[in-house]
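Everything numeric here is computed off the predicted structure, so don't read it as measured data.
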Amino acid sequence: MHATLTPCDYRRVLRRTGPETHSIIVEPYRGFSTWIAFIRVLETSSMVDQLKTVIANFQPELSYCLVLPGQAIPLEDCLSLLCTWCSALDQDPATQISLIGAIEALITDLGKLLDDKRLTRHATVSLSGVKLDGIDFPIHIDQGITFRQLSESELVDIGSNDINFGQPHDLLSHSVSCCIDYQSPCIFTLEPSYRQTLVVSDVILDESNRTANILRALHILKSGRAGIFLTQIELTPKLLPHLGGGSSWPLIRTPFASLNLLACEVQRFPGH
């Protein structure tokens, strides 16, 4: 699998080189072009036809519509499924140790997912203008909601710029270093067709209201300016197509960092 997944995409990455110093490097990674090339390789494989037969005979719902709150998406063909599973294996550290073991674990997880029909929805709201000074632990605000520092790898992912497709995210001028995490269950179904009226989930509205309240609490707690830099959403486990989620940017961003939350103020914050 890795031989056919040679990265053919390139991105500019912001790397920290010291206190308040950074450098930009260009590195290869597995992006859109890589996976499009991989699908073309799969199209020439006779094993894809065998997989189609197995799915049609034993798991036909894998070719149905994936119905989530507010949307219904056709799962298309087994090429999309196979590409999704290969992507999951590519990101699983266990694949480096034993590919057979990782495949067996993936099949077990897929079976459990199809039985339970339950995903976990993750929303990460990156904030601009907020610094957690010396606070390395997550601040638990409510069930499924935490306020925490972004990891170095998360900052790299947010700030990277795909040379062919992506847009640059200017982390430095907006001082992005922390986020609000939301986690909640998400029920889905697999249906042959979907003709009912789709009802928009209340989860998105609830997260938006909670984020606004958290920002209000920060501004009550301290003087300064804070805002939303980026909102990213994903559904896990990502064993079906179209669970990668997406991201959105606010129309207005706070241009300067000016709200520094100290460790001694953390206990006061959740009370707001």
Side-chain angles (χ1 to χ4, degrees), residues 1-13 26-68 71-114 119-120 122 153 156-158 160-167 186 188-194 232-248:
M1 180 181 68
H2 281 30
T4 54
L5 272 178
T6 302
C8 55
D9 298 89
Y10 293 89
R11 62 181 178 178
R12 297 183 183 92
V13 178
V26 175
E27 65 176 25
Y29 82 108
R30 294 182 177 122
F32 290 113
S33 300
T34 303
W35 287 104
I36 289 172
F38 183 64
I39 289 175
R40 288 173 179 166
V41 172
L42 291 179
E43 289 174 339
T44 63
S45 172
S46 60
M47 296 181 64
V48 174
D49 292 330
Q50 298 175 27
L51 179 61
K52 288 180 181 179
T53 301
V54 171
I55 290 176
N57 292 336
F58 299 100
Q59 210 77 54
E61 65 268 31
L62 287 177
S63 60
Y64 289 176
C65 286
L66 173 64
V67 181
L68 298 164
Q71 61 182 151
I73 314 164
L75 290 179
E76 299 170 357
D77 52 33
C78 69
L79 279 175
S80 298
L81 287 168
L82 191 54
C83 190
T84 299
W85 297 335
C86 287
S87 177
L89 290 172
D90 183 54
Q91 297 174 35
D92 187 353
T95 303
Q96 304 295 331
I97 301 172
S98 171
L99 179 59
I100 299 300
I103 291 174
E104 290 176 350
L106 183 145
I107 293 173
T108 300
D109 292 343
L110 178 62
K112 185 176 184 300
L113 179 65
L114 294 176
L119 296 161
T120 299
H122 301 267
S153 61
V156 168
D157 288 338
I158 294 174
S160 64
N161 173 25
D162 188 293
I163 292 175
N164 292 322
F165 301 102
Q167 296 294 326
C186 177
F188 73 93
T189 60
L190 295 173
E191 302 182 15
S193 60
Y194 198 77
Q232 297 168 289
I233 297 171
E234 69 172 3
L235 298 167
T236 60
K238 291 187 279 190
L239 299 180
L240 293 173
H242 314 298
L243 297 185
S247 58
S248 60

Atom of [X], atom of [Y] and distance for their closest heavy-atom approach:
X    : Y    : answer
L51  : W85  : CD2-CZ3, 4.3 Å
C86  : W35  : C-CH2, 3.9 Å
C83  : L42  : N-CD1, 4.4 Å
D9   : G31  : OD1-N, 2.9 Å
D157 : S160 : O-OG, 3.1 Å

Side chain to side chain, [X] and [Y], heavy atoms closer than 4.5 Å:
X    : Y    : answer
L190 : L114 : yes
L235 : L68  : yes
Y29  : V13  : no
K52  : I55  : no

Distance (rounded to the nearest 0.5 Å) between L239 CG and S87 OG: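 So the gap between those two atoms works out to 10.0 Å.
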Pairing residues for I103 by the side-chain contact (heavy atoms from CB on, under 4.5 Å) criterion, not counting sequence neighbours: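 For I103, the residues satisfying side-chain contact (heavy atoms from CB on, under 4.5 Å) (neighbours in sequence not counted) are L89, L99, I107.
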Listed partners of E234 passing side-chain contact (heavy atoms from CB on, under 4.5 Å), at least two apart: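 Here the qualifying residues are H122, T236, K238.
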For E27, all residues meeting salt bridge (Lys or Arg N to Asp or Glu O under 4.0 Å), sequence neighbours excluded: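 Here the qualifying residues are R11, R15.
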Partners passing side-chain hydrogen bond (donor to acceptor under 3.5 Å, both in side chains) against [X] (at least two apart in sequence or in another chain):
X    : result
E43  : none
K112 : D116
S153 : S151
S80  : E76

May I have the list of side-chain donor-acceptor pairs in residues 57-67 shorter than 3.5 Å, sequence neighbours left out?
| unit_1 | atom_1 | unit_2 | atom_2 | d |
| --- | --- | --- | --- | --- |
| N57 | ND2 | T53 | O | 3.2 |
| Q59 | NE2 | E61 | OE2 | 2.5 |
| S63 | OG | P60 | O | 2.8 |

Residue pairs fulfilling side-chain hydrogen bond (donor to acceptor under 3.5 Å, both in side chains) with at least one residue in residues 98-110, sequence neighbours excluded: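 As it turns out, there is no side-chain hydrogen bond (donor to acceptor under 3.5 Å, both in side chains) pair with a partner in residues 98-110 once direct neighbours are skipped.
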N/O donor-acceptor pair under 3.5 Å between T34 side chain and C8 backbone: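 Looks like yes, one N/O pair under 3.5 Å.
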side-chain contact (heavy atoms from CB on, under 4.5 Å) partner of L243, the single match among T84, I73, L119: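 It is L119, the one option of T84, I73, L119 that forms the side-chain contact (heavy atoms from CB on, under 4.5 Å) with L243.
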